[in-house]
Protein chains: 2
Amino acid sequence: MDLNERSRGILKAIINSYIATAEPVGSRTITKRYELGISPATVRNIMADLEEMGFLAQPHTSAGRVPTGKAYRFYIDTLLEVRALPRQQEQEIMNYPLHRSEFGQLMKETTRLLSSLSHYVGVVMAPKPAETVYRHVEFVPLSGRRALAVFVSEAGIIHNRMLLLDPEFTARDLERANNFLSRELSGKTLSQMRERVTELMDEDRSRYTGLLTTLMQSGGEPGEHGEQGASEGELYVGSMSELFDIPDFRDLDKIKEIFHAFEEKHRLIQLLDRAVEAEGVQVFIGAENPYFDMEGVSLVVASYRAEGNVMGTLGVIGPSRMPYNTVIPIVDCTAKVLSRLMSER
Amino acid sequence: MDLNERSRGILKAIINSYIATAEPVGSRTITKRYELGISPATVRNIMADLEEMGFLAQPHTSAGRVPTGKAYRFYIDTLLEVRALPRQQEQEIMNYPLHRSEFGQLMKETTRLLSSLSHYVGVVMAPKPAETVYRHVEFVPLSGRRALAVFVSEAGIIHNRMLLLDPEFTARDLERANNFLSRELSGKTLSQMRERVTELMDEDRSRYTGLLTTLMQSGGEPGEHGEQGASEGELYVGSMSELFDIPDFRDLDKIKEIFHAFEEKHRLIQLLDRAVEAEGVQVFIGAENPYFDMEGVSLVVASYRAEGNVMGTLGVIGPSRMPYNTVIPIVDCTAKVLSRLMSER
DNA sequence: CTTAGCACTCACCATAACCGAGTGCTAATA
DNA sequence: TATTAGCACTCGGTTATGGTGAGTGCTAAG
């Protein structure tokens, strides 16, 4: 992007001002609030250029300018100086009571932490069942032909799967098979388990075929079987009511649009998936991505890991007009805290 | 309530009209749309009486009248004729794909069913862990001092509880204890288990004390440990975005208020609890109850059972101005379907 | 290239006028 | 005595009008 020093300074000032006030920015305001040693008229000329280049837009002819998505992108990529998280807020994150004991609960608490810090909507995507390593696999015979498969991951994620057994395969058989299968399947991800299961079936057609086919058929996969399909993780969404206090979303139709988007979780999940491998914090702005294209809505996302392996992603959703220099470190720090928590034994 | 025939007819007409149009009802409208053989002036006199008695209110002097909460209460208790559910809708409920396989999923699907039928917000309260009978209890030793308690109810509700064992109590011990404890504890509700556990501890101080105390301490209870406390069931809420299309809630502040109320789930849970033992469908209107007192918001609630035992409640939340004669049978029928599903083996 | 000056635009706000649905009251009527 | 017709009155909603001010684009001078 060929912007000279001065234009960049002005663009930066405009965005900062707009982020702070939510008001369209005029040329006078710029010269007054930011000491640039330049007259309003000059600023106007440059603003006209910036508008031509697609960085600014006018709500109407006689209003000030407003940054476009393109401007935010440029701002984040080259203009933004991310401040370190103030000591006090860092403490707040560290001391937030995140309990490991129950996994779903941990996810919920994390969304709440994100929401309360950023005042936007916190989201956390749980690890995908298909890609988490399960340390323990256990089969519990129930009454009749029913049995329960229990999967427990290193990090304490528990998944259950109800199985309907072959009539010829009794509860007693299951109990015997249990040890063997636990040994064979534990320490593997779901995909790896599938592979191993087909191997086993090839090796020994007779013994466990009955059980194993059931296991494969019934999805064989733990996790919520929602419309999103079992291969995706579950999405936890924080306090949506934060949205009501954001001036950008004062409009009922806008809020409605956002809520609808939240109810179609799979699109949001796809977007969060794209941040899964990236290092550090990523920002998605408004309409620039096909998965969650809503004018004026941005996502700040980071992945969390357990012992180096990516588990899932978390972040906040808010207006594009967002104080990125504070929100980014918040998301970053929260991801680190969650990572540490997941890595602890 | 001493209302003569004619006054009741007029009140009924007013409420019906208001439910249908969401507009304040004037005296002329009544005489035109409902053949009561009476002049507007007479209607006005009666309306004045009804207002004095607290059944009607005027938004402002020169507007028509609007029913109060008291009017809706009277309407539901004595005026309403609930129609049978039309064949077609009944089929829709019956054929809705409710899967028993995964319990949480079943709850979610049920909220969705309620929402899509009523166009209001469907809610389903899951059985309280403390009061469900668990058919199977199983302890799964994990690595280190950790172990998992798995509870499975008759209806297929699965709950997990992570335990931290006494160091002196090994995984091997647990395996041995497993059979014994499963036998002792299965077929009981949580409360009953607690009793039995204390009994066991009295009988035999040495053997399982280590495990049992951990079990009791860690809450010993399955279920989500949210702010609502473990003794309450979990609440599933359907598609909230239905709220945006309800004219009564066109106002941003009103919607905000409702969303806040939803985020404080425990109050809603307390209210739903009150309907747990009642037979049939119950209606809670606006501010008439202390747990969820929101002007203009009503709940239609019924309980669902498995083999005669109450499991939980479900219903819809919408404006007090609600076509009760269609919503009530919808809730009723859904509760019956869910009950049947839970009773099937 | 920058800047002062100036005419122009347009959302926003307040005021005023009008309309109409609806009311309460009174007096006539059955 | 209960009902009804008639009428003046109320008041929210809509539309028209004009003023205000922040902001712009353009032009010409520095």
Side-chain angles (χ1 to χ4, degrees), chain A residues 2-11 13-18 20-68 71 247-248 250-251, chain B residues 2-11 13-18 20-68 71 247-248 250-251:
Chain A
D2 47 347
L3 284 184
N4 62 37
E5 195 54 46
R6 197 174 60 180
S7 306
R8 295 167 54 152
I10 289 177
L11 182 56
I14 291 172
I15 296 177
N16 281 333
S17 168
Y18 187 64
T21 65
E23 297 292 329
V25 188
S27 51
R28 264 180 61 93
T29 326
I30 288 296
T31 55
K32 259 195 296 185
R33 259 226 293 284
Y34 304 83
E35 304 287 337
L36 296 170
I38 229 169
S39 83
T42 314
V43 172
R44 277 206 287 282
N45 287 330
I46 296 172
M47 279 169 121
D49 295 346
L50 288 171
E51 181 167 1
E52 211 171 342
M53 285 186 269
F55 287 111
L56 298 178
Q58 292 185 72
H60 53 86
T61 337
S62 72
R65 255 82 167 199
V66 159
T68 62
D248 307 42
R250 267 293 147 68
D251 180 36
Chain B
D2 48 346
L3 283 183
N4 62 37
E5 195 54 46
R6 196 173 60 177
S7 305
R8 294 167 53 151
I10 289 177
L11 182 55
I14 292 172
I15 297 176
N16 281 334
S17 168
Y18 187 64
T21 65
E23 297 290 331
V25 188
S27 50
R28 262 180 62 92
T29 326
I30 288 295
T31 55
K32 259 196 295 184
R33 259 226 292 284
Y34 304 83
E35 303 287 337
L36 296 172
I38 229 169
S39 84
T42 314
V43 173
R44 278 205 287 282
N45 287 330
I46 296 172
M47 280 169 122
D49 294 346
L50 288 171
E51 180 167 3
E52 212 171 340
M53 286 186 268
F55 287 111
L56 298 177
Q58 293 184 70
H60 52 86
T61 335
S62 70
R65 256 85 168 198
V66 161
T68 62
D248 307 44
R250 266 294 147 68
D251 179 35

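Below, chain A is the first sequence line, B the second, and so on; all start at residue 1.
- Rounded to the nearest 0.5 angstrom, B:Asp49 CG and B:Leu11 CG are separated by 12.0 Å.
- B:Ile38 has its CD1 atom 12 Å from the P atom of D:dA5, to the nearest Å.
- Minimum atom distance to the side chain of B:Ala41 is reached by D:dT4, of the listed D:dT4, D:dC11, C:dT23.
- There is a side-chain donor-acceptor pair under 3.5 Å between A:Asn4 and A:Ser7.
- The listed nucleotides are C:dT9, C:dT3, C:dA21; the one nearest the side chain of A:Ser62 is C:dT9.
- One can place CZ of B:Arg6 at 8 Å from P of D:dT4, the figure rounded to the nearest angstrom.
- For DNA chain C, no neighbouring residue in residues 22-35 of chain A is found when judged by any heavy atom under 4.0 Å.
- Rounded to whole Å, the distance from CE on A:Met47 to C1' on D:dC26 is 17 Å.
- If you check every strand for non-hydrogen atoms under 4.0 Å, A:Ala63 touches sugar and phosphate atoms only.
- Put simply, CG on A:Asp49 is 10 Å from P on D:dG25, counting in whole angstrom units.
- The nucleotide whose nearest atom lies closest to any side-chain atom of A:Asn45 is, among D:dA5, C:dC10, C:dT3, C:dT3.
- Between B:Thr42 and B:Arg6 the shortest side-chain heavy-atom distance falls below 4.5 Å.
- The two residues A:Arg33 and A:Thr21 have their closest heavy-atom pair at NH2-CG2, 3.7 Å.
- With D:dG25, C:dT2, D:dG23 as the candidates, the nucleotide lying closest to the side chain of A:Arg44 is D:dG25.
- Nucleotide C:dT23 holds its P atom 5 Å from the CZ atom of B:Arg65, rounded to whole Å.
- Across the protein-nucleic acid pair, B:Gln58 atom CD and D:dT10 atom C1' stand 11 Å apart, rounded to whole Å.
- Closest to the side chain of B:Thr42, from the set C:dT9, D:dT4, C:dG20, is D:dT4.
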